[in-house]
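To keep things clear, I will list the structure first and then write my remarks on it.
As the structure is a computational prediction, the values presented were derived from the model and not from experiment.
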Amino acid sequence: MIKILHLDENHEILRNGLSELGFENIFDFKSSKEEIEDKISEFDGVVIRSRITIDEGLINRAENLKFIARVGSGTENIDCDYAKNKGIVILSAGEGNANAVGEHCLSLILSLFNKIIKSNNEVIDNIWLREDNRGIELDGKTIGIIGYGKTGKSFAKKLSGFNVEILCNDIVKNKGDKYSKQVSLDLIKSNCDVISLHTDLNKSSNYLINKSFIDDCEKSFFLINTSRGQCVKNSDLVDGIRTGKILGACLDVIENEFSSFENLKDDGNLDFLKKSKKVILTPHIAGWTFESKIKLSKTILDKIKSLFNK
C-alpha cells in the first residue's frame with residue numbers, strides 16, 4: 001500500500017480522494033523536523049505546504065520516497081534539484097490558486113489608485129475629503145509583469161479589459177501570449193507605470209527590487225508584490241517611497257515574514273509601511289480563497305493519481 005505523510009492541513013478532498021484510491025494517509029501537523037526525519041523512511045510520499053523545509057538531510061533519510069507534493073505554487077522550501085537527483089518527483093499546484101492571485105492583484109491596484117482604504121477609514125472617522133482622495137485611472141497605463149507563469153498570466157488576462165499595455169519578463173523565452181508581450185527587464189524598467197512581481201524565489205529574484213532596480217526605472221512607478229517577500233528589499237522600498245520614485249506599493253508578502261508565512265519579524269521599516277497611506281498590506285492571502293483551497297487540493301490529487309496511473 002502507498003503510504004503518504006501529510007505535514008500540513010489541506011482540504012478534505014485530498015484526503016478523501018487518496019483514501020478512495022487505496023492509499024494510506026498519515027497526518028502529522030505538529031512534529032518537529034527532526035522527528036519527521038526519524039520516520040520519513042516509512043513513507044512513499046509527503047504532502048506539505050510551508051511548515052517544514054525538505055532539505056538534503058531530510059531527503060537522505062527518505063529511502064522510499066517517490067514524490068513530494070506541495071499544495072501551493074512555490075517550491076522554495078524543497079531542495080528540488082537534490083530530490084530529483086534521488087529520483088523523487090516534485091509536484092506543485094500553482095494552477096490551483098492562479099485565478100485567486102490574479103483577482104487579488106487587480107483588487108489591490110484598483111484600491112490603491114482610487115484611495116479606497118484611505119477614504120473609507122476617513123469616512124468612518126467622520127472626515128469627508130473629496131479632492132484629497134481624487135483617484136487615478138488604470139486606463140492607458142503600461143503594466144509590467146515580472147514572472148509570467150500561472151499567476152502572471154492570470155493577472156494579465158484580467159487586465160486585458162482595461163485598455164492597458166501589458167509587458168512581461170520571464171527567465172523562460174517565448175512566454176508572451178495574446179495578453180502580454182515578452183520584453184527585456186530593461187524595457188520593463190523604462191516603460192512601466194506599474195510593476196507586478198509573480199516570480200518564484202530563486203537566485204535571480206532574491207531582492208530583485210532593490211535600490212539599483214528602482215534607480216534604473218525611468219518612470220516613477222507603483223509596485224505590486226504577491227510572490228515572495230524576499231523579492232523586495234524593505235529598506236530600499238521605503239527609500240523609494242520617500243523619494244517619490246515608488247508612487248505606491250501593494251504588498252501581500254513582506255521580506256520579514258517567517259518561513260511559515262504566519263507572522264512578521266520585527267523590522268525597522270515595517271512601521272513605515274504600516275503607516276504609509278501609499279501602501280496597502282495584506283497578510284499573504286492573495287491565493288487564499290475558499291475556492292483556491294479546493295482547487296489546490298484537487299490539483300495535487302489529480303497529479304498524484306497521474307503519477308501512479310490510478
Kindly determine whether Asn169 and Ser184 satisfy side chain to side chain donor-acceptor pair (under 3.5 Å), including the steps that lead there. CA-CA 6 Å; Asn169 176 267; Ser184 68; over 6 Å; no

Phe308 vs Phe23, ring-ring contact (aromatic ring centres under 6.0 Å, His included): CA-CA, chis, key distance, verdict: CA-CA 11 Å; Phe308 291 94; Phe23 298 160; 5.4 Å; yes

Pair Ile109, Phe222 - check side chain to side chain contact (heavy atoms under 4.5 Å, CB included), show working. CA-CA 8 Å; Ile109 195 61; Phe222 293 88; 4.2 Å; yes

Tell me, with the steps shown, if His104 and Thr226 meet side chain to side chain donor-acceptor pair (under 3.5 Å). CA-CA 9 Å; His104 195 83; Thr226 55; over 6 Å; no

Please assess Ile52 against Asn77 for the test side chain to side chain contact (heavy atoms under 4.5 Å, CB included), listing each intermediate value before the final yes or no. CA-CA 7 Å; Ile52 295 294; Asn77 59 328; over 6 Å; no

Output, in order, the C-alpha distance, side-chain angles, deciding distance and verdict of ring-ring contact (aromatic ring centres under 6.0 Å, His included) for His198 and Phe155. CA-CA 9 Å; His198 296 266; Phe155 186 36; 5.7 Å; yes

Stepwise, does the side chain to side chain donor-acceptor pair (under 3.5 Å) test hold for Asp139 with Asn163? CA-CA 5 Å; Asp139 183 271; Asn163 188 36; 3.0 Å; yes

Might you work through the side chain to side chain contact (heavy atoms under 4.5 Å, CB included) test for Ile209 and Leu197, ending with a clear yes or no? CA-CA 9 Å; Ile209 306 300; Leu197 302 184; 3.7 Å; yes

Set out, in order, the CA-CA distance, both residues' side-chain angles and the distance that settles side chain to side chain contact (heavy atoms under 4.5 Å, CB included) for Tyr82 and Asp55, then state yes or no. CA-CA 8 Å; Tyr82 192 74; Asp55 58 14; over 6 Å; no

Working for side chain to side chain donor-acceptor pair (under 3.5 Å), residues His6 and Asp28: CA-CA 6 Å; His6 298 252; Asp28 186 345; over 6 Å; no

Please lay out, stage by stage, how Lys189 and Glu218 fare under the test salt bridge (charged side-chain N to carboxylate O under 4.0 Å, His left out). CA-CA 6 Å; Lys189 293 177 183 178; Glu218 293 187 15; over 6 Å; no

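With hydrogens and angles ignored, the 3.5 Å screen pairs a side-chain donor or acceptor of Ser160 with a backbone N or O of Lys157. Judged by distance alone, the side chain of Asn10 and the main-chain N or O of Asp8 form a donor-acceptor pair under 3.5 Å. In this structure a side-chain-to-backbone donor-acceptor pair under 3.5 Å is present from Arg70 to Gly74. A donor-acceptor contact shorter than 3.5 Å is absent between the side chain of Arg49 and the backbone of Gly72. When atom types are taken as modelled, the side chain of Asp177 and the backbone of Tyr179 share a donor-acceptor pair closer than 3.5 angstrom. One N or O on the side chain of Gln182 and one on the backbone of Lys175 form a donor-acceptor pair closer than 3.5 Å. Put simply, the side chain of Ser41 never gets that close to the backbone of Glu63: no donor and acceptor are under 3.5 Å apart. Ser276 places no side-chain N or O within donor-acceptor distance of the main-chain N or O of Leu273, the cut-off being under 3.5 Å. Counting only distance, with no hydrogens or angles, the side chain of Gln230 and the backbone of Glu257 share no donor-acceptor pair below 3.5 Å. Judged purely by atom type and a 3.5 angstrom limit, Ser292 has no side-chain atom pairing as donor or acceptor with the backbone of Lys295.
Ion pairing between Lys245 and Asp239 fails under the 4.0 Å rule for side-chain N and carboxylate O. Salt-bridge check for Glu42 with Lys3: passed, with a basic side-chain N closer than 4.0 Å to an acidic carboxylate O. A salt bridge between Glu122 and Lys118 is present, with a side-chain N of the basic residue lying under 4.0 Å from a carboxylate O of the acidic one. Remark: Lys219 engages Asp193 in a salt bridge, criterion side-chain N to carboxylate O under 4.0 Å.
Remark: Lys39 NZ is packed, more than 12 non-hydrogen atoms of other residues, nucleotides or ligands lying under 6.0 Å away. Environment of CZ in Phe290: sparse, with no more than 12 heavy atoms of neighbouring residues, nucleotides or ligands closer than 6.0 Å. When the shell of 6.0 Å around CD of Glu24 is examined, it contains more than 12 heavy atoms from other residues, nucleotides or ligands. The local environment of NZ in Lys33 is crowded, with over 12 non-hydrogen atoms from other residues, nucleotides or ligands closer than 6.0 Å. Other residues, nucleotides and ligands place more than 12 heavy atoms under 6.0 Å from the CG atom of Asp125. Around atom CG of Asp81, no more than 12 heavy atoms belonging to other residues, nucleotides or ligands sit under 6.0 Å away.
Counting heavy atoms from C-beta on, the side chains of Leu223 and Cys250 never come closer than 4.5 Å.
Alongside Leu129, the hydrophobic cluster contains Ile127 (criterion: ILVMFWY side chains under 4.5 Å).
A continuous path of ILVMFWY side-chain contacts below 4.5 Å connects Leu301 to Phe67, so both sit in one hydrophobic cluster. Under the 4.5 Å side-chain heavy-atom criterion for ILVMFWY residues, no single connected hydrophobic cluster contains both Leu237 and Leu247. Residues Leu106 and Val101 do not share a hydrophobic cluster, defined by chaining ILVMFWY side chains whose heavy atoms lie under 4.5 Å apart. The cluster map of Ile, Leu, Val, Met, Phe, Trp and Tyr, joined by side-chain heavy atoms under 4.5 Å apart, puts Ile136 and Leu138 in the same cluster.
Listed by first then second residue, pairs satisfying side chain to side chain donor-acceptor pair (under 3.5 Å) with a partner in residues 87-100 read Glu95-Lys303, Asn99-Glu103, Asn99-Lys158, not counting sequence neighbours.
Aromatic ring centres of Tyr207 and Phe213 lie farther apart than the 6.0 Å criterion allows.
If you check the side chains of Asn225 and Asp252, you find no donor sitting under 3.5 Å from an acceptor.
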